[in-house]
Amino acid sequence: MPTDLPKQYDPREAQQRWLTFWDERGYFHSRPDESREPFCIVIPPPNVTGALHMGHALNNTLQDVLVRWRRMQGYNTLWMPGTDHAAIATQAVVEKRVREEEGKTRHDLGREELVRRIWRWTDQYGAHILNQLKQLGASCDWSRTRFTLDPVCARAVRQTFFNMFRDGYIYRGKRLVNWDTQLQTSVADDETYSETIKGGFWTFKYPVKGTNEFVRFSTTRPETMLGDTAVAVHPNDERYRHLIGMMVTIPLVGRDIPIIADGLLVDPALGTGCVKVTPAHDPNDYACGQRHRLPMINLLNPDGTINENGGKYAGLDRYKAREAVIEDMEALGLFEGREDRDISLKYSDRSKTPIEPYLSDQWFVKMGDREDGKPSFAQTATDAVTSGKVKFFPERYAKAYLDWLGEKRDWCISRQLWYGHRIPVWTYPGMVGFDTPTEAINHAKRLKALEDCLRAWETAGRVAIALSETDEQNPDLRRVTYPWYVCVLNADDKEIVSALEAEHFNQEPDVLDTWFSSALWPHSTLGWPGPALPDQPPGPQNPEWAQMRYHYPTNVLVTNRDIISLWVVRMVITGLYNVGEVPFHHVYIHPKILDAFGEGMSKMKGNGVDPLDIIDLYGTDALRFGMVHLSTENQDSKLPVSNVCPHCGAQVAVKREHMYMRTRKITCPECKKPFRPGGPWPKPDPDLPTAKQGSERFEMGRNFANKLWNAARFLLLNLEAYTPGALRIEELPIEDRWILSRLATTTAAVTKSLEGYQFSEVARTVYDFTWSEFCDWYVEMSKDRLRDAASRPTAQRVLAGVLDTILRLVHPVMPFVAESIWQTLNEAAFERGLPGPEPASESVVIAPWPQFPESWRDASMEQRIARMQELVR
RNA sequence: GGGCACUUAGCUCAGUGGGAGAGCGCGUCGCUUACACCGACGAUGUCGGGGGUUCAAAUCCCUCAGUGCCCACCA
């Protein structure tokens, strides 16, 4: 009899023990087995850029709850783990380190060396993150771990790109993109953020040719006037109507540009009513430029300096050029005034530098309607949700998904980075036509020969190629751009590559948006497209296809609402396109964790909590319980954070003034000793110990684990002479029938809550039943009965049976304490259960999920006893 | 500007048409052989303001105010 059980549950010891135990038994492995029903979740792959944060803890705890529950229900469960290469974020981090530690840029290192260093970093942090997930207790099939740059993922990326290219879903075009002048790449809208800064609002005038009139206009970016190609007024504006069609001169570059009428761009009530139009450097002006077929003059070099189109300002940084332009305009008497103004400026999230709108060549995936009548991606993704094939929990998030698709905005998939999946397209470098017709004809002949050669190889099954002749969005460019791009499916075939290179074709230097590979995650990780050769296309006849189709479509995707458009939508699109089936049936969107002031947590703010600190302070189960408990249907949950004094353990709440690492030293109000608040400090402080971070909200889970532990301890101390035996419900005393009725009701409620993703309800229901009913009432009532030899055996059996069920109900949420007690109970009462005893399974992980006959439940008795309990109190 | 939510005890949050609740914190008492990470008892709220529907509103509707998040825009 293990009477030597400690009075307090020690989570630390249990965690390591059971992680090893589960791993050795291989409970988390899954193989296709047609005789069993599958249950599959693919993990939202964490970025390899950093450590796990609270959002990961929440996201992965909830997935693990579902997976552990379904596993107990007998499903063949697969939780597919992995990490994301996060191209831009990772490259930015490594470039920053190289800059700080060696004072070098990526260009100093060169492409090969930089990529090598990023890989080194990736390997190190990827392993670290996976290890953290394991510490959380995540019951993933670790043998299947994938990384978005793995060869299988790369193959899926190439195949998808190739198919979309061939089918005309991918095109290349000149577009105005968000340009990060430090990283020298385009970044997506969602990789930018806006800040309001103090800026200027300058008013200038241009002389109207052939008159002595001027047009006055205002701008926040005077330097862009170097690239103006028109001045626009509203067509109905009486003040300017007589000027429409006349020309003005940009004095600094001496260019004449027209005055045009544009009702969309110009609001006559704002400013002077005149707008300078810089199509290459402003989104609205770009649209206007397209409407009026205006020339587009790019003013910037990739590093943010003015290029040769800026005349004498060439070479100046754009901000220096701004000052120079203002000065020169003033000297010409064309400067009218400046006022201070708060300006909302876009920044790159990766480099924290201001974004410049920049015209450049990019690759896109077309979302909207197609000329050939094939379904548009926006349409197929919309149908998946409106038809009910994909359901959102909570339902309201379907709206966010559908609204976004309604805009049918094309997806810019190229990034000017070195780390990531390189675009498998070769282009001809001579982008600007030919000087003489003969030259063009000769090139065409040679290229025709190349094309014939490629076709021959394709026919022989050597390679799959697709050619594109259009630059769909910019038909004008057809005349000056060499008409085709070659997309090569097996881009790793050296012979084909050298043949292309012999004809001076170059592979696109760009890599794909990281979301391109993430979009394929549900099927690429499961084996799509298989080891396909060009003559053996992916499809049901491919052996790996069948394996994939066992798990695909997956059952549920668990993620947060920020990436519905970035990720969820795109997985649906590629899943339908590649496999012909949606990637998941359910999408559960979980809440966002905020700090005590209602703000999102971030490294920069320093208002976050490290899940490992929580595990250290309260135990993994407490962390998990806390996460499940706060997952209500609401959008947010506040998590007040405190610094735990490293000297005395007192909790000192984090205040606003502590944020952004502004506070370096806190004096503990309890022990009066100084310490440094927790946070992402670059290195340890030799003079000041750093606090760990905690939050009172995890005490509930810690206490609950301890309560369970002690309930078990009580039972174990009273199991002497325990014998298994069947229970006849109708012959049991009322308290037994009551607790069994409550147990059956609780079990049904927990199951139902899990089915509806009501996580918080799961935690509450199990907690309340265990604490307020089983411990407070039933265990207390059993004490007398255990002393009486006649009633003792039944009391032991019911106690053991109920505790056994509680452990099963608790296990998905708090697997470690559940396993600890389960194993101990196995030693003392191996055969137990309700209503009759059965040998216990070797681990609670594989114990069957409980389910009791409806007849056990007696609602009126439950109510009667509940009333009685209230009276007693 | 558009959208989605939120506002209930000091704090964090459940409750969505008929008794205002939980955990933490607070007060008093208690080492009664599971548990002080505990137990017993207790205090604390015109359920954001206003209006309406209803026999009945924290709960449904309208409106105002505040907060957070997302999207768009800001010559």
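Remember, it's a predicted structure, so these values are computed and weren't measured experimentally.
Note on Trp202(A): nothing from the nucleic acid sits closer than 4.0 angstrom, heavy atoms only. At the heavy-atom level, Arg702(A) lies under 4.0 Å from base atoms of the strands shown. The residue Thr220(A) sits close only to the backbone: its heavy atoms come under 4.0 Å of sugar-phosphate atoms, none of a base. Looking at heavy-atom distances under 4.0 Å, Gln758(A) makes no contact with the nucleic acid at all. Using a 4.0 Å heavy-atom criterion, one finds that Thr272(A) contacts no nucleic acid atom at all. Among the protein residues, Asp285(A) comes within range of no part of the nucleic acid, since none of its heavy atoms lies under 4.0 Å from any strand. At the heavy-atom level, Thr278(A) lies nowhere under 4.0 Å from the strands shown. Within the nucleic acid shown, Arg764(A) comes within 4.0 Å of sugar-phosphate atoms alone, with no base atom in reach, counting heavy atoms only.
With rounding to whole Å, Asp636(A) atom CG is found 10 Å from C6(B) atom P. When the C1' atom of C24(B) is taken as reference, atom OH of Tyr767(A) falls 10 Å away, rounded to whole Å. Computed from coordinates, the Lys783(A) NZ to U32(B) P distance equals 11 Å when rounded to whole Å. C35(B) atom C1' lies 6 Å from atom NZ of Lys707(A), rounded to whole Å. Following rounding to the nearest Å, Glu761(A) (CD) and G21(B) (C1') show an atom-to-atom distance of 13 Å. Here G68(B) presents its P atom at 10 Å from CG of Leu594(A), a figure rounded to the nearest Å. In this structure, CZ of Arg697(A) is placed 10 Å from C1' of C24(B), rounded to the nearest angstrom. Arg787(A) places its CZ atom 10 Å from the P atom of U33(B), with the value rounded to the nearest Å.
Ion pairing between a basic and an acidic side chain is recognised when a charged N comes within 4.0 Å of a carboxylate O; Arg797(A) and Asp804(A) show no such pairing. Between Arg787(A) and Asp784(A) there is a salt bridge, since a side-chain N of the basic residue sits under 4.0 Å from a carboxylate O of the acidic one. A salt bridge links Asp403(A) with Lys399(A): at least one charged nitrogen is closer than 4.0 Å to a carboxylate oxygen. Arg338(A) has a carboxylate O that lies under 4.0 Å from a charged side-chain N of Asp340(A), or vice versa, which qualifies the two as a salt bridge.
Taking the C1' atoms as reference points, G66(B) lies 11 Å from G49(B), given to the whole Å.
Residue-to-nucleotide proximity on RNA chain B shows that, of Lys399(A) and Cys775(A), the 5′-proximal contact is made by Lys399(A). The residue among Val779(A) and Cys274(A) whose nearest nucleotide of RNA chain B lies closer to the 5′ end is Val779(A).
Just one of Leu62(A), Val65(A), Ile593(A) meets the side-chain contact (heavy atoms from CB on, under 4.5 Å) condition when paired with Ser631(A); it is Leu62(A).
Not a single donor-acceptor pair, N or O on each side, falls under 3.5 Å between the base of A5(B) and the side chain of Glu633(A).
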